There are 2 protein chains.
Amino acid sequence: MNSLEQQSWQSVHDEVLRRIHTRVWKPGDLIPKEVELAEQLGCARATVNRALRELASEGFLDRRRKAGTRVAAHPVRRAKLDIPVVRLEVEGRGQKYAYGLLFSERRTPPPEICANLSVTAESDMLHITSLHLADGKPFMFEDRWVSIAATPTIVEADLEKISANEWLVLHAPYTRGDIYFSAVNATETEAKVLRTDPGTSLFLMERTTWENQTGITSARLLFAPGYRKHSAI
Amino acid sequence: MNSLEQQSWQSVHDEVLRRIHTRVWKPGDLIPKEVELAEQLGCARATVNRALRELASEGFLDRRRKAGTRVAAHPVRRAKLDIPVVRLEVEGRGQKYAYGLLFSERRTPPPEICANLSVTAESDMLHITSLHLADGKPFMFEDRWVSIAATPTIVEADLEKISANEWLVLHAPYTRGDIYFSAVNATETEAKVLRTDPGTSLFLMERTTWENQTGITSARLLFAPGYRKHSAI
DNA sequence: AGAAATAATATGTACGTACATATTATCTTT
DNA sequence: AAAGATAATATGTACGTACATATTATTTCT
C-alpha cells in the first residue's frame, strides 16, 4: 500500500481502518498527521482528509485541531437507521399494504402531548388514530397528534385515502425529530385493534418532529407482535 | 443569499435545505446542476458538491451521474443511533454501573447461533451470560456467544472484571454488524434475573458482528422494564 | 510563580483545474 | 425499426495552493 498508483480516498479509508483493526494503531493512539500520511500513502492531503473525516463520522477516530487525530478510545458506533414511510416498509417486505382511518377529531391536546411538543393546552390540534395493514393483517397502530397551527393544510387532507404518516412526509418536512424505542404490554384496546391478546409484548416507536422551534407532530406507533426493526452498522 | 461574501459548504447546505422545506423545490423535482448552483450562490463547484453530497447522505436528495440531482420523492430519513458500551450508557445517565458474570462455558453452539454467525455446529465457542446493573438495579441481561476461532485471546480475558461487551469492543473490532430491535414477554428465568414478573414486556436488542466474512459474536441483550432507546434525526 | 500575550501547529475548508465514470441521448448500421 | 456504436453531460474525485480556526506550547510581563 505504498505510493505508486494513485490512491482514492476509499483506499486510504480502508487502509487506515485496516491498521486500526490489526491494532497497528490501538484505541487512544495518536496517528500520523495528514501531511505525513499523505506522503506515506502517495496522495494529496485533501484525499487523506476526506478519508479521515469519513472515519471520524463513523466513530472510529477522534479529531481535534492542533491536537491531531486519535483512534477512538471507546468506539461509540453509529448505526444507521432508515425510517421509511410505513407503506414503503410494508411493500419492501413484499407484502400488500392497506390502511384504515379509525377516527379523526379536532380538539385540544392532553397534558403529555403539550409537554412533548411544547404547545399550550388550548392549542388547535388534530388527533388521529389509524391502522396500517400488511397482507390484510394488522401491522401498526398509529396514534397521532398534529399541530394545526404548524400545518394548517392538513385539515383539507383526505385522511381516509392517505395516511397522516405519509401526508406529513410529503407536506410538512421537518428540521429535526426525536425517536424513542421501547417495549410495552398490550392494553385491552390495543390488543383488540392489533388482533392479539392483552399483555402481549409490543414494539413501540414514539416520534416527535419539529420545524425549528415549532412542534409539528407527535406520534405513537405500536407494532404488531413479532415486529423487528433492523439496523446495520 | 446571493453571491457577495464567500460561502461555506454549510451555508449552501442550509440554503438548499431551506428551499426544500419551503417547497421551492418539491419532492421529485430536479434541482439546478452543481455548476449553476455554484454560480448562483457565488462559490466554487467543490463547495456545492460537498453540500449536496452531505444532503444526499442525509436522505434529502437523490443524485445520479448525468441524470442530475432530485429532491428525494420518499424521504427515507436516516436516524443516527449511538451504540455505546453498556457501562458508558449507564454512566451517561448519571447512574452507578456494576456488572456481574452469571456463567461462562466453552462449548459447541446451538443451531440458531450457527445460523446467525454461519459457523459449524462443532465450532469452539464461548457462551457467557451476565448482568449489567445501574444503581444496583438490573439494567440489562446479556446472553452472548463468542467464536474462539475468531478471537482466541478471549479465553485469557478475566470476564469477572470486564464484561464481554466491553472486552470485545477493545480487542475485537468488527467491520460490520447487524442489530435487531424487538419486544418480547419475559420468560420465567429472564423475569427472575431482571427482578420483574414473567410476561412483562422487555426491550430486546440482538446484535451480530463480523470481521469481513468471519462471524465474531452474537449477543442477545435484554433490557429491564422501562428502558427506552433514543435516537435523533 | 502566575497571568497574559504570542507563536506554533494540525485540522478545516475554499478554490480552480483536470480527468474519471456512469448514464442518457444521438447517430449509424443493418 | 431494432440493435449497436458514439457522443454528450452531470456528478465523482484527485491535486495543489491558500488561508481560517481552534488549540497547545512558549515566551513575556508583572
Side-chain angles (χ1 to χ4, degrees), chain A residues 1-17 19-20 25-73 75 78, chain B residues 1-17 19-20 25 27-73 75-76 78:
Chain A
M1 180 62 64
N2 265 356
S3 54
L4 287 173
E5 3 79 281
Q6 198 183 56
Q7 299 290 334
S8 67
W9 71 266
Q10 292 266 11
S11 72
V12 174
H13 174 281
D14 294 352
E15 170 60 15
V16 171
L17 197 51
R19 293 191 190 178
I20 295 175
W25 297 328
K26 292 182 266 303
D29 280 5
L30 195 66
I31 78 171
K33 49 189 164 194
E34 294 186 349
V35 192
E36 285 173 21
L37 262 177
E39 204 176 327
Q40 213 180 105
L41 301 172
C43 63
R45 179 167 86 91
T47 309
V48 172
N49 180 279
R50 169 90 189 258
L52 298 188
R53 188 152 39 79
E54 208 82 7
L55 284 161
S57 89
E58 292 169 79
F60 291 107
L61 296 175
D62 285 332
R63 320 191 71 203
R64 279 170 62 212
R65 286 182 181 171
K66 163 81 185 176
T69 302
R70 310 187 158 271
V71 178
R78 227 148 281 151
Chain B
M1 178 64 64
N2 264 357
S3 54
L4 287 172
E5 0 81 281
Q6 197 183 56
Q7 298 291 335
S8 68
W9 71 267
Q10 291 265 10
S11 72
V12 175
H13 175 280
D14 293 351
E15 169 61 13
V16 171
L17 198 51
R19 293 190 189 178
I20 295 174
W25 296 329
D29 280 4
L30 194 66
I31 78 171
K33 50 189 163 193
E34 293 186 349
V35 192
E36 286 172 22
L37 262 178
E39 204 175 326
Q40 213 180 105
L41 301 172
C43 62
R45 181 166 85 91
T47 310
V48 172
N49 181 278
R50 169 92 190 256
L52 297 188
R53 188 151 40 78
E54 207 82 8
L55 283 161
S57 89
E58 292 170 78
F60 290 106
L61 296 175
D62 285 334
R63 320 191 70 203
R64 278 169 63 211
R65 286 182 181 171
K66 164 79 186 178
T69 302
R70 312 187 157 269
V71 178
V76 173
R78 226 147 280 150

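So that the names make sense, note that chain A is the first sequence line, chain B the second, and so on, each numbered from 1. What you see is a predicted model, and the numbers here were worked out from it, not measured in a lab.
Distance B:Leu30 CG to C:dT24 P: 12 Å, rounded to the nearest Å. Atom CD of A:Gln10 is separated from atom C1' of C:dA20 by 15 Å (rounded to the nearest Å). Rounding to whole angstrom units, NE2 of residue B:His13 and C1' of C:dT13 are separated by 16 Å. Atoms CD (A:Glu34) and C1' (D:dC15) sit 14 Å apart, rounded to a whole Å. D:dA22 atom P lies 18 Å from atom CG of A:Asp62, rounded to whole Å. With rounding to whole Å, A:Arg63 atom CZ is found 13 Å from C:dA10 atom P. As rounded to whole Å, 11 Å separates atom P of C:dT11 from atom CG of A:Leu61. Following rounding to the nearest Å, B:Leu41 (CG) and C:dA14 (P) show an atom-to-atom distance of 13 Å.
Between B:His13 and B:Leu17, some side-chain heavy-atom pair lies under the 4.5 Å cut-off. Between B:Leu61 and B:Ile20 there is a side-chain heavy-atom pair separated by less than 4.5 Å. Between B:Glu15 and B:Leu41, the closest side-chain pair of non-hydrogen atoms falls below 4.5 Å. Residues A:Phe60 and A:Pro27 fail the side-chain proximity criterion, which asks for heavy atoms closer than 4.5 Å. The closest side-chain heavy-atom distance from A:Glu39 to A:Glu36 is not below 4.5 Å. Contact check for B:Ile31 versus B:Val71: side-chain heavy atoms found under the 4.5 Å cut-off.
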Quick one: side chains of residues 47-55 of chain B, donor-acceptor pairs under 3.5 Å with protein atoms, not counting sequence neighbours, listed by atom name and distance.
from    : atom 1 : to      : atom 2 : distance (Å)
B:Asn49 : OD1    : B:Arg53 : NE     : 3.4
B:Asn49 : ND2    : B:Glu34 : OE2    : 2.9

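A:Cys43 approaches A:Val12 most closely through the heavy-atom pair SG-CG2, 4.1 Å.
Under the side chain to side chain contact (heavy atoms under 4.5 Å, CB included) criterion, A:Lys26 pairs with A:Arg23, A:Asp29, sequence neighbours left out. A:Ala73 is linked by a side chain to side chain contact (heavy atoms under 4.5 Å, CB included) to nothing, counting only residues two or more places apart in sequence or in another chain.
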List, with names and distances, any nitrogen or oxygen atoms from the protein found under 3.5 Å away from nitrogen or oxygen atoms belonging to nucleotides 24-28 of chain D.
from   : atom 1 : to      : atom 2 : distance (Å)
D:dT24 : OP1    : A:Arg64 : NH2    : 2.5

Enumerate all atom pairs, one protein N or O and one N or O from nucleotides 3-7 of chain D, separated by less than 3.5 Å.
none

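How far CG of A:Asp62 is from CZ of A:Arg70: 9.0 Å, rounded to the nearest 0.5 Å.
For the segment residues 44-55 of chain A, the set of residues with a heavy atom within less than 4.0 Å of an atom of DNA chain D comprises A:Ala44, A:Arg45, A:Thr47, A:Arg50, in numerical order.
The side chain of B:Trp9 has C:dT13 as its nearest neighbour among C:dT13, C:dG12, D:dA10.
One finds a side-chain N or O of B:Thr69 lying less than 4.0 angstrom from the OP1 or OP2 phosphate oxygen of D:dT11.
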